[in-house]
S.K.: 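I am attaching a structure below and will ask some questions about it afterwards.
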Amino acid sequence: MNLVFIGPPGAGKGTQAWRLAEKYSFCHLSTGDILRAAVASQTPLGLQAEQLMRDGALVPDALILELLETYLKEHSCSSGVIFDGFPRTLPQASALGELLARAGMSLHAAVEFRIDDALLEERMRSRIAQMGVARADDTVETLRKRLAVYHEQTSPVLSYYRNCGLLLSIDGAADVDSVFQQIEKGLLFELLPEGA
Ligand code: AMP
């Protein structure tokens with residue numbers, strides 16, 4: 001099963017993707033994690049992405065697509081892939097469709113994590129108060145920028161998948177376990193083996 005997880009920064013996509021991937025042996029492809037690793041090891045990709053990420057802007061589509069193709073070449077994902085934080089733009093969404101089609105694969109669902117901007121800001125403030133700043137883009141100012149980018153550039157991706165009949169919207173404000181249950185329930189017919 002191939003899934004995309006779409007939601008604003010801090011909505012919990014990574015945690016849920018990790019859990020679902022563990023349970024069903026899916027590959028978990030987080031473009032953000034791959035980019036952060038590239039920045040940490042100062043690869044050419046990392047050097048190009050670093051400032052954009054720090055500013056809360058998107059990394060150009062061409063770099064993201066290259067990263068994605070490399071990942072899929074290097075990993076065997078026969079059970080499926082969770083694309084976490086990708087696609088974030090319409091060109092990325094159509095490129096993903098083409099890439100999957102070329103590999104004889106398809107997308108089963110796009111999971112949208114719905115959550116208010118104000119709640120995300122509140123969560124970030126309390127996390128920083130408790131644990132300090134964990135990442136270069138971990139500031140309220142950058143969060144606001146990233147939210148603006150999300151509404152502007154990523155929202156059209158939601159409409160795109162809604163029109164394809166693939167969108168599953170879940171309440172991202174709920175606690176971690178109930179978000180997981182919502183996702184599993186939403187995907188139930190796809191996840192259960194036939195006749196179960
Ligand atoms: P994330 O961990 O998914 O929130 O991503 C962290 C940062 O990496 C984002 O703010 C972007 O700068 C960059 N990034 C991650 N995924 C993408 C993507 N699919 N397209 C463009 N930029 C991305």
Side-chain angles (χ1 to χ4, degrees), residues 2-21 26-72 75 77 81-100 107 110-117 119-121 123-124 127-128 131 133-161 166 170 172 179 183:
N2 300 305
L3 305 169
V4 301
F5 277 17
I6 305 172
K13 302 183 296 290
T15 307
Q16 298 295 337
W18 188 85
R19 256 179 97 162
L20 202 69
F26 297 142
C27 285
H28 173 199
L29 195 173
S30 158
T31 43
D33 283 352
I34 294 174
L35 289 167
R36 275 184 289 279
V39 169
S41 44
Q42 295 284 285
T43 64
L45 169 67
L47 292 172
Q48 291 180 77
E50 189 167 14
Q51 192 59 46
L52 292 164
M53 291 173 76
R54 187 171 299 142
D55 292 344
L58 292 185
V59 172
D61 290 339
L63 289 182
I64 298 290
L65 294 172
E66 211 178 296
L67 166 169
L68 196 83
E69 295 211 29
T70 308
Y71 178 97
L72 293 174
H75 294 75
C77 300
V81 186
I82 302 176
F83 297 92
D84 165 9
F86 171 89
R88 268 172 149 100
T89 63
L90 281 176
Q92 288 183 17
S94 60
L96 176 65
E98 285 163 23
L99 197 131
L100 290 174
L107 194 67
V111 181
E112 175 198 8
F113 289 66
R114 266 186 296 102
I115 182 163
D116 278 353
D117 290 6
L119 182 57
L120 291 170
E121 198 172 314
R123 278 187 182 178
M124 173 176 263
R127 189 163 39 80
I128 291 175
M131 303 194 282
V133 171
R135 287 173 16 188
D137 59 359
D138 218 4
T139 65
V140 172
E141 194 192 328
T142 312
L143 174 68
R144 288 187 184 151
K145 174 78 196 298
R146 296 176 78 208
L147 286 169
V149 168
Y150 179 77
H151 294 304
E152 208 174 288
Q153 301 192 53
T154 307
S155 289
V157 177
L158 297 171
S159 314
Y160 172 86
Y161 286 125
L166 289 176
I170 55 108
V179 171
I183 298 171

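Atoms within a ligand are numbered from 1 in the order they appear, just like the ligands themselves.
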S.K.: Looking only at protein heavy atoms, identify the closest one to atom 10 (O) of ligand 1 and say how far it is in Å.
M.R.: Arg146 NE, 3.2 Å
S.K.: Tell me which protein heavy atom sits closest to atom 20 (N) of ligand 1, plus the residue, atom name and distance to 0.1 Å.
M.R.: Gln92 NE2, 2.9 Å
S.K.: With distance as the sole test, does Thr43 use its side chain to make a donor-acceptor pair with the main-chain N or O of Val39 at under 3.5 Å?
M.R.: no
S.K.: Below 4.0 angstrom from a heavy atom of Gly85, which ligand 1 atoms are there? Numbered from 1 as shown, please.
M.R.: 16 (N), 17 (C), 18 (C), 19 (N)
S.K.: With side chains defined as the heavy atoms from C-beta onward, is the minimum distance between Phe86 and Ile34 less than 4.5 Å?
M.R.: no
S.K.: Is a salt bridge present between Arg88 and Asp61, judged by a nitrogen-to-oxygen distance below 4.0 Å?
M.R.: no
S.K.: Report yes or no: does a heavy atom of Lys13 sit under 4.0 Å from some atom of ligand 1?
M.R.: no
S.K.: For ligand 1, indicate whether the residue Leu58 contacts it via side chain, backbone, both or neither (heavy-atom separation under 4.0 Å).
M.R.: both
S.K.: Note the single closest protein heavy atom to atom 16 (N) of ligand 1, along with its residue, its atom name and the distance in Å.
M.R.: Thr31 OG1, 2.8 Å
S.K.: Within a reach of under 6.0 Å around CD of Gln42, are more than 12 heavy atoms found that belong to other residues, nucleotides or ligands?
M.R.: yes
S.K.: If you define the side chain from C-beta out and look only at heavy atoms, does anything of Leu29 sit under 4.5 Å from Asp84?
M.R.: no
S.K.: May I ask you to check whether Asp117 and His151 show a side-chain donor-acceptor distance below 3.5 Å?
M.R.: yes
S.K.: To which protein heavy atom is atom 14 (N) of ligand 1 closest, and what is the distance rounded to 0.1 Å?
M.R.: Leu35 CD1, 3.4 Å
S.K.: Would you mind checking which non-hydrogen protein atom is closest to atom 7 (C) of ligand 1, with the distance to 0.1 Å?
M.R.: Met53 CE, 3.9 Å
S.K.: Output the distance between atom OH (Tyr161) and atom CD1 (Ile6), rounded to the nearest 0.5 Å.
M.R.: 6.0 Å
S.K.: Please state whether Gly56 comes within less than 4.0 angstrom of ligand 1, counting heavy atoms only.
M.R.: no
S.K.: Among all protein heavy atoms in this structure, tell me which lies nearest to atom 11 (C) of ligand 1, with the distance rounded to 0.1 Å.
M.R.: Ala57 O, 3.5 Å
S.K.: Taking the six-membered ring for Trp, are Phe5 and Phe113 ring centroids under 6.0 Å apart?
M.R.: yes
S.K.: Give the numbers and elements of all ligand 1 atoms closer than 4.0 Å to a heavy atom of Ile64.
M.R.: 17 (C), 18 (C), 19 (N), 20 (N), 21 (C), 22 (N), 23 (C)
S.K.: I'd like to know if Arg54 and Glu50 make a salt bridge, using a cut-off of under 4.0 Å between side-chain N and carboxylate O.
M.R.: yes
S.K.: Should one rank Leu143, Val149, Asp33, Val59 by closest heavy-atom distance to atom 21 (C) of ligand 1, which comes out on top?
M.R.: Val59
S.K.: In the protein, which heavy atom is nearest to atom 18 (C) of ligand 1, and how far is it?
M.R.: Arg88 CD, 3.4 Å
